[in-house]
K.L.:
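Can you keep this structure in mind? I'll have questions shortly.
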Amino acid sequence: MTVPAAPTTVASVTQQTAPIAIRERTVDAFTREFLRELNFGQGVDVERSSVNDRYLALARTVRHYLMTRWIETLRHQWEHQAKSVAYLSAEYLLGRQLDNALLASDLTDIARTSVESLGIDFDELRDAEIEPGLGNGGLGRLAACFVDSLATMNIPAVGYGIRYEYGIFEQTFVDGWQVEKADDWLRLGSPWEFPHPEAAVEVGFGGTTEDHEVDGEKRRRWVPAWNVLGVPYNYMVPGYENGRVNTLRLWSARATHAFDLQIFNSGDYEEAVRAQTFAENISKVLYPEDSTPQGKELRLQQQYFFVACSLRDFLDRVLLRGFDLHNLPERVTFQLNDTHPVIAVPELMRILVDERGWKWDEAWAVTQRVFAYTCHTLLPEALEVWSVELLGRLLPRHLEIIYRINEEFLEVVRTRWPDDELRLRRMSIIAEHPERAVRMAFLATVAGVKVNGVAELHSQLLRDKVLADFAELWPDKFTNVTNGITPRRFLKLANPGLSDLITEAIGDGWVTDLDRLEGLLPLADDAEFRRRFREVKAANKLRLVDMLAHRDGSTIDPDTMLDVMVKRLHEYKRQMLKLLHVISLYEQVTRGRLDIADVTPRTFAFGAKAAPGYRMAKQIIGLINAVGRTINDEPALEGRLRIVFPANYNVTLAECLIPAADLSEQISLAGKEASGTGNMKFMLNGALTIGTDDGANVEIRQLVGDDNFFLFGLDEPAVEKVVAAGYRPTSFYESIPNLRHALDLVARGTFSGGDRSVFEPIVSNLLSEDRFLVLADFQAYVDAQARVDVAYADTEGWTRSAVINVARAGFFSSDRSMRDYLDRIWHARQVATRP
């Protein structure tokens with residue numbers, strides 16, 4: 001048969017009589033392809049083409065080279081039927097695709113030469129790409145790193161998620177306050193996706209359940225009240241120069257009957273398209289604001305929609321026809337990336353029991369072996385809980401299945417611990433207070449073959465505290481897989497200067513074997529290498545200066561220390577601790593208690609988005625910008641202290657900001673950060689870390705040594721003791737003068753035009769509650785920053801520490817994370833494809 005130009009599934013590609021021709025890899029051949037795409041794809045010639053025309057033509061030309069490998073990969077998987085990993089994630093923060101595709105296919109030099117031979121600015125086309133914001137932060141970025149590593153390591157895998165029409169909001173600042181705008185990332189078209197409406201999956205919602213008979217056997221079935229279609233959009237996930245191209249399949253919601261002509265002709269135009277609007281809302285926006293009942297319902301709709309589509313796709317289209325589903329655990333592991341996809345558990349049970357006619361016990365035996373669960377949080381409020389009322393109304397059959405799972409699970413608990421009613425209540429998947437609700441993390445733990453945390457400390461706390469009862473019941477079910485980042489994007493692409501320097505020193509094998517960075521350790525003591533290392537950092541700072549000037553009109557001094565804190569804005573991440581340090585420096589200088597000559601010149605860079613409904617986080621953003629305006633306008637601080645807060649921090653900005661950073665702020669309250677991946681990116685790019693013993697900071701410090709890490713603050717056991725003893729934040733306010741002076745400046749309205757009410761909620765929160773112990777850790781943080789100043793003044797010593805950080809970063813490759821998942825959970829094997 002003819003191989004489709006854009007394959008829909010593994011099953012659509014069968015054996016062929018001849019291999020697919022590999023495209024000619026020359027500048028002339030690339031130029032012909034580019035011009036053909038420009039002429040016949042965009043319908044313009046070079047002279048009349050826009051920048052977007054040229055970008056789309058370039059992207060499609062590059063994808064032609066990858067598609068050959070993609071089709072070959074799909075065919076190879078179909079022939080071998082090897083065990084696959086199906087990664088279920090509500091987020092994929094991919095970043096720009098063109099550079100990654102060029103890197104993976106080794107076409108960068110050819111493409112640049114080709115395009116520039118036509119008088120076109122190659123870098124202008126690269127900059128024209130709109131980043132797809134299909135993730136909120138670390139979770140989505142991690143998923144993108146993982147699928148990259150799986151492809152690079154030749155693991156059969158497919159990623160499943162949602163094709164949000166509008167991704168994570170575009171952040172703007174109005175008078176320093178966050179304002180959200182829709183992220184219309186599709187407005188100029190996306191050349192990297194392949195829609196397949198013919199492969200749409202129908203998904204039901206609402207309705208009732210009923211008994212019926214099939215061949216004289218009583219069964220239960222769900223009768224949905226309404227349905228939507230899930231249309232798959234396929235994305236290529238290329239491995240690095242290895243010939244494999246895996247698939248990321250994102251689902252877009254459509255109405256089953258989008259348009260009613262009779263109603264339209266009657267003049268009721270809104271009603272005629274109501275079904276279409278209602279259905280498309282499901283995939284309209286990433287994480288709709290869920291402070292309302294309607295928002296909660298839409299989030300649950302999203303979660304069920306994408307997992308129902310994904311399970312149906314794998315069972316019906318990826319597996320061989322007639323495949324015995326009793327062998328499903330030998331063919332796939334469905335990895336649940338946090339609690340968002342956990343509704344897949346009762347969905348698979350529904351398919352096996354209701355549709356396939358299996359006995360409950362045999363269906364449950366298979367289900368417990370095909371799912372694995374990654375927990376990404378330690379915050380109780382972040383462990384999803386769905387009310388029974390909502391679940392029963394939206395997914396009535398799934399609620400029935402969850403009830404039965406829980407009943408049988410509680411019998412296991414009773415058998416192990418007779419007469420322990422409190423334990424039963426603690427472990428029940430169904431919570432009774434404050435409302436009757438389903439605890440999705442508990443459901444995932446009961447159903448999963450493995451449960452993993454994402455850093456050593458996080459996994460320990462999961463076992464000891466968050467899921468302690470379950471770990472006591474099933475100790476072997478719990479394991480750790482420390483997160484990782486892809487060195488292809490976050491070093492090879494993001495930091496070409498350092499990448500070239502490393503390759504010159506130890507060869508290029510580090511790109512797929514990051515442990516080879518250990519070879520840089522002797523060079524930390526080489527004065528010439530340190531000099532060149534500093535030159536790279538200086539060049540990266542100049543690149544950031546140019547980007548921020550062009551992007552935001554911001555100015556920074558490249559000769560200052562670049563002190564960076566970029567991450568989601570949440571109180572536990574403690575941006576306020578960093579800001580209080582800055583305010584304290586400002587207060588001491590302007591009040592004459594600190595000589596400006598004694599202040600290390602610093603540029604403080606913040607980057608963060610606050611969830612639209614998170615009022616305190618938005619207040620903190622407003623205060624950061626207000627303090628920034630005050631400090632940046634203070635003549636006495638010119639050239640010494642400056643705050644920059646570029647709006648809309650994303651992967652594209654990260655790829656420029658992180659390589660320029662000197663100091664990485666990882667200052668969450670110990671015991672609250674699951675892992676972090678930003679800390680790994682900064683380390684890999686030669687920034688030193690100031691941080692608490694939290695998340696993956698613990699492993700970073702162990703690898704680089706205390707001399708190359710600025711540790712401060714309470715550790716997790718100490719935090720527990722402080723809280724248990726009755727934490728009183730005012731005691732720190734009263735006993736630490738610099739802290740008191742800094743908070744008083746905020747309270748008096750210094751940064752809000754004298755209006756005390758503007759930032760009063762922040763001050764009141766810190767003095768009355770301070771849930772994340774900002775005031776308790778303030779002095780230790782300031783003392784650690786003093787050590788930073790001393791270390792930074794020793795240029796050679798600082799550079800030596802930076803080189804050591806890079807050299808020790810190999811452990812944090814997402815390739816290593818994938819090896820750990822493969823060894824400890826998935827047990828899939830590499831299946832090489834033709835390079």
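Hydrogens, waters and symmetry mates are skipped; everything else that's a heavy atom, side chains included, is used.
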K.L.:
Assess the pair His196 and Tyr233: is the distance between their ring centroids shorter than 6.0 Å?
P.N.:
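They do not qualify: ring centres at least 6.0 Å apart.
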
K.L.:
Could Arg404 and Trp360 be counted as a cation-pi pair, given that NZ or CZ must be under 6.0 Å from the ring centre and within 45° of the axis?
P.N.:
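Output yes; distance and angle both within limits.
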
K.L.:
Please find out if less than 6.0 Å separates the ring center of Trp251 from that of Phe306.
P.N.:
no

K.L.:
More than 12 non-hydrogen atoms from neighbouring residues, nucleotides or ligands closer than 6.0 Å to CZ on Arg426, yes or no?
P.N.:
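Enclosed: over 12 neighbouring heavy atoms sit under 6.0 Å from CZ of Arg426.
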
K.L.:
Do you see a donor-acceptor pair shorter than 3.5 Å between the side chains of Lys609 and Asn136?
P.N.:
no

K.L.:
Could you check whether any side-chain heavy atom of Asn337 comes within less than 4.5 Å of a side-chain heavy atom of Phe146, counting everything from C-beta outward?
P.N.:
no

K.L.:
Taking the six-membered ring for Trp, are the ring centroids of Tyr87 and Tyr821 within less than 6.0 Å of each other?
P.N.:
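Here the rings of Tyr821 and Tyr87 have centres that are no less than 6.0 Å from each other.
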
K.L.:
Assess the pair Phe470 and Phe442: is the distance between their ring centroids shorter than 6.0 Å?
P.N.:
yes

K.L.:
State yes or no: are the ring centers of Phe173 and Phe645 separated by less than 6.0 Å?
P.N.:
yes

K.L.:
Any side-chain heavy atom of Arg163 sitting closer than 4.5 Å to one from Pro195?
P.N.:
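A side-chain contact is absent here, since even the closest heavy-atom pair is not under 4.5 Å.
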
K.L.:
Kindly determine whether Glu165 and Lys284 satisfy salt bridge (charged side-chain N to carboxylate O under 4.0 Å, His left out), including the steps that lead there.
P.N.:
CA-CA 5 Å; Glu165 184 177 343; Lys284 182 69 71 176; 3.0 Å; yes

K.L.:
Start with the C-alpha distance between Arg425 and Glu432, add both sets of side-chain angles, then the distance that settles salt bridge (charged side-chain N to carboxylate O under 4.0 Å, His left out), and finish with yes or no.
P.N.:
CA-CA 8 Å; Arg425 292 183 182 184; Glu432 300 296 337; over 6 Å; no

K.L.:
So that I know where these two stand, are Phe409 and Trp474 an aromatic pair - ring centroids less than 6.0 Å apart?
P.N.:
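Yes; Trp474 has its ring centre under 6.0 Å from that of Phe409.
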
K.L.:
Can you tell me how far the CD1 atom of Ile621 sits from the CD atom of Gln171, to the nearest 0.5 Å?
P.N.:
5.0 Å

